[in-house]
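Keep in mind that the numbers below use all heavy atoms, side chains included, and drop hydrogens, waters and symmetry copies.
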Amino acid sequence: MSATVGVVLFPGTNCEQDVVWAIEHLGGEARICWHGDETIGGADAIVVPGGFAHGDYLRTGAIARFSPVMDAVRDFAASGGPVVGICNGFQVLTEAGMLPGALQKNAGMKFLCETVELRVETDTTALTNRAARGARLRVPINHFEGNYVCDAETLAKLQAEDRVVVRYADNPNGSLDDIAGVCNEGRNVVGLMPHPERASDALLGSADGVVLLESLLHAAGARADRSAA
C-alpha cells in the first residue's frame with residue numbers, strides 16, 4: 001500500500017510543492033491539505049512545510065496555530081500519527097503546543113541560506129527510523145528565526161528522554177545545545193529547521209535528506225497498515 005502524506009498549505013506557505021515532489025519522487029502519494037479544511041482527508045502522515053504561514057504576522061506560526069486544519073492535525077498526532085514540521089512548520093508546531101520550546105531570531109540577526117551538516121542523534125522517531133544514529137547529513141537551511149530555545153527544565157527532559165532528533169555539527173544560528181530538531185514524547189511528532197526536501201536528489205547538491213523522508217514514508221506506511229487491519 002502506498003502511503004499518503006498530507007501537506008498543509010497556509011496562506012504564505014511556499015515550500016509545499018517541494019515537499020510534494022520529494023514525497024512522490026520517493027514513491028509516496030502527496031495531497032495538499034488547505035488550512036481552512038477541518039479534516040486531513042485520511043492522510044497517513046502530515047508535513048507542515050516551510051514558508052511564511054499567514055505572513056508570519058505577530059510572530060512566526062502564531063496565527064497558523066488557529067487554522068481549522070490544525071485541530072485535525074492535533075487529533076491525528078494524539079492518535080500516534082506521524083507529523084513533521086519543517087522550518088516554518090517547526091515554528092507552527094511549537095506555537096501549537098505540539099512540540100516544546102520556541103524558535104527566535106538567529107544569533108547575529110542574519111537570514112541564513114546555506115547547506116549545513118547535521119548529526120542524527122536518535123533513530124527512533126517518525127523522521128529518523130531509517131537513519132543511523134550518528135550519521136552526518138548535508139541539508140540546506142533557509143531561515144531568519146531558527147535559533148531554538150527552551151528553559152533549562154525542558155532541555156534536561158529532552159536530553160534525558162533522547163528527544164533531540166538532529167543537531168548542527170557547526171551551529172549556524174545559536175540554537176541551544178546545537179539543536180536542529182526535536183520530537184514529542186510519543187516520538188511521532190518531529191520539528192526541524194533544515195529542509196530535507198531540498199536535499200532529496202543529487203541534482204540539488206545533496207540527497208542526504210532522502211533517508212529522513214524515507215523514514216517518514218515508512219512511518220506513514222505503518223500507520224496505513226494499522227488503519228487497514
Peer 1: Mind checking the CD-CD spacing from Gln91 to Glu145? Nearest 0.5 Å is all I need.
Peer 2: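 Atom-to-atom, Gln91:CD and Glu145:CD are 6.0 Å apart.
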Peer 1: Check whether Leu192 and Val120 end up in the same hydrophobic cluster, where Ile, Leu, Val, Met, Phe, Trp and Tyr are linked by side-chain heavy atoms less than 4.5 Å apart.
Peer 2: yes
Peer 1: Considering only distance and modelled atom types, tabulate donor-acceptor pairs under 3.5 Å from the side chains of residues 10-25, sequence neighbours left out.
Peer 2:
unit_1: Thr13; atom_1: OG1; unit_2: Phe10; atom_2: N; d: 3.1
unit_1: Thr13; atom_1: OG1; unit_2: Phe10; atom_2: O; d: 3.2
unit_1: His25; atom_1: NE2; unit_2: Asp201; atom_2: OD2; d: 3.3

Peer 1: For residues Leu158 and Pro100, report the shortest heavy-atom separation together with the two atoms involved.
Peer 2: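 The answer is CD2-CG, 3.9 Å.
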Peer 1: Step through the shown structure and confirm whether more than 12 heavy atoms of other residues, nucleotides or ligands are within 6.0 Å of CD on Glu38.
Peer 2: no
Peer 1: Are there more than 12 heavy atoms of other residues, nucleotides or ligands under 6.0 Å from atom CZ of Arg74?
Peer 2: yes
Peer 1: May I have all residue pairs that pass side-chain hydrogen bond (donor to acceptor under 3.5 Å, both in side chains) and include part of residues 212-221, sequence neighbours excluded?
Peer 2: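 Counting only pairs at least two positions apart or across chains, the side-chain hydrogen bond (donor to acceptor under 3.5 Å, both in side chains) contacts touching residues 212-221 are Arg130-His218.
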Peer 1: Do the side chains of Lys157 and Arg163 get nearer than 4.5 Å, heavy atoms only?
Peer 2: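 Answer yes - side chains close enough.
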Peer 1: Could you see if Trp34 belongs to whatever hydrophobic cluster contains Val8? Use Ile, Leu, Val, Met, Phe, Trp, Tyr and a side-chain cutoff under 4.5 Å.
Peer 2: yes
Peer 1: For Leu204, which fellow cluster members are found when Ile, Leu, Val, Met, Phe, Trp and Tyr are connected by side-chain heavy-atom distances below 4.5 angstrom, either directly or through intermediates?
Peer 2: none
Peer 1: Okay, side chain of Asp170, backbone of Val116: is any donor-acceptor separation there less than 3.5 Å?
Peer 2: no
Peer 1: Would the distance check show the side chain of Asp208 and the main-chain N or O of Ala199 forming a donor-acceptor pair, the cut-off being under 3.5 Å?
Peer 2: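 Judged by distance alone, no pair lies under 3.5 Å.
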Peer 1: Would Arg119 and Glu117 pass as an ion pair if we require N to O under 4.0 Å?
Peer 2: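 Here Arg119 does not pair with Glu117 in a salt bridge, since their nearest N and O are not under 4.0 Å apart.
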Peer 1: For Leu212, run the side chain to side chain contact (heavy atoms under 4.5 Å, CB included) check against Asn129, Leu137, Val190 and tell me which one passes.
Peer 2: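 The passing option is Leu137.
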Peer 1: How close do Val92 and Ala64 get, heavy atom to heavy atom, and via which atoms?
Peer 2: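 That closest heavy-atom pairing would be CG2-CB, 3.9 Å.
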Peer 1: Got a sec, which residues hit salt bridge (charged side-chain N to carboxylate O under 4.0 Å, His left out) with Glu29, two or more places apart in sequence or on another chain?
Peer 2: none
Peer 1: Are Tyr148 and Leu112 linked, directly or through other ILVMFWY residues, by side chains that come within less than 4.5 angstrom of each other?
Peer 2: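 Yes, Tyr148 connects to Leu112 through the hydrophobic network.
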Peer 1: Out of curiosity, Asp44 CG to Arg31 CZ, how far, rounded to the nearest 0.5 Å?
Peer 2: 8.5 Å
Peer 1: For the pair Asn188 (side chain) and Gly81 (backbone), establish whether a donor and an acceptor sit closer than 3.5 Å, ignoring hydrogens and angles.
Peer 2: yes
Peer 1: If you measure from CZ on Phe76 to CZ on Arg223, what distance do you get to the nearest 0.5 Å?
Peer 2: 4.5 Å
Peer 1: Please report the closest heavy-atom contact between Ala180 and Leu118, naming both atoms and the distance.
Peer 2: CB-CD2, 3.9 Å
Peer 1: Residues two or more places apart in sequence or in another chain: which of them pass side-chain contact (heavy atoms from CB on, under 4.5 Å) with Thr122?
Peer 2: Thr124, Thr125, Thr128, Arg133, Asp162, Val165, Arg187
Peer 1: Strictly distance-based, threshold 3.5 Å: is any side-chain N or O of Asn184 a donor or acceptor partner for the main-chain N or O of Leu99?
Peer 2: no
Peer 1: Could you please spell out the steps behind the side-chain hydrogen bond (donor to acceptor under 3.5 Å, both in side chains) verdict for His195 and Asn142?
Peer 2: CA-CA 8 Å; His195 288 261; Asn142 183 231; 4.8 Å; no
Peer 1: Of all residues at least two apart in sequence or in a different chain, which pass the side-chain hydrogen bond (donor to acceptor under 3.5 Å, both in side chains) check with Asp178?
Peer 2: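 Only Asn171 meet the side-chain hydrogen bond (donor to acceptor under 3.5 Å, both in side chains) criterion with Asp178.
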Peer 1: Main chain of Gly108, side chain of Asn106: is a donor-acceptor contact present, judged purely on distance under 3.5 Å?
Peer 2: no
Peer 1: In Å and rounded to the nearest 0.5 Å, what is the CG to CG distance from Leu26 to Leu217?
Peer 2: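 These two atoms lie 6.0 Å from each other.
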Peer 1: How long is the gap from CE on Met193 to CD1 on Ile179, to the nearest 0.5 Å?
Peer 2: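 One gets 13.0 Å once the value is rounded to the nearest 0.5 Å.
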Peer 1: Going from CG on Leu103 to OG1 on Thr94, what distance comes out if it is rounded to the nearest 0.5 angstrom?
Peer 2: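 That separation rounds to 5.5 Å.
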Peer 1: Return the minimal non-hydrogen interatomic distance between Pro68 and Gly36, and the atom names on each side.
Peer 2: CB-O, 3.6 Å
Peer 1: To check you understand the geometry: which heavy-atom pair defines the closest contact between Val139 and Pro196, and what is its length?
Peer 2: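 Reported closest heavy-atom pair: CG1-N, 3.7 Å.
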Peer 1: Tell me whether Tyr57 shares a hydrophobic cluster with Phe144, the cluster being built from Ile, Leu, Val, Met, Phe, Trp, Tyr side chains joined at under 4.5 Å.
Peer 2: no
Peer 1: Tell me the closest heavy-atom pair linking Ala43 and Gly6, and the distance in Å.
Peer 2: CB-N, 3.6 Å
Peer 1: Looking at Phe52, I'd like to know if its CZ atom is crowded, meaning that more than 12 non-hydrogen atoms belonging to other residues, nucleotides or ligands lie closer than 6.0 Å.
Peer 2: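 Incorrect, the count does not exceed 12.
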Peer 1: When hydrophobic residues are tied together by side-chain contacts of less than 4.5 Å, even through go-betweens, does Val5 share a cluster with Ile32?
Peer 2: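 Yes.
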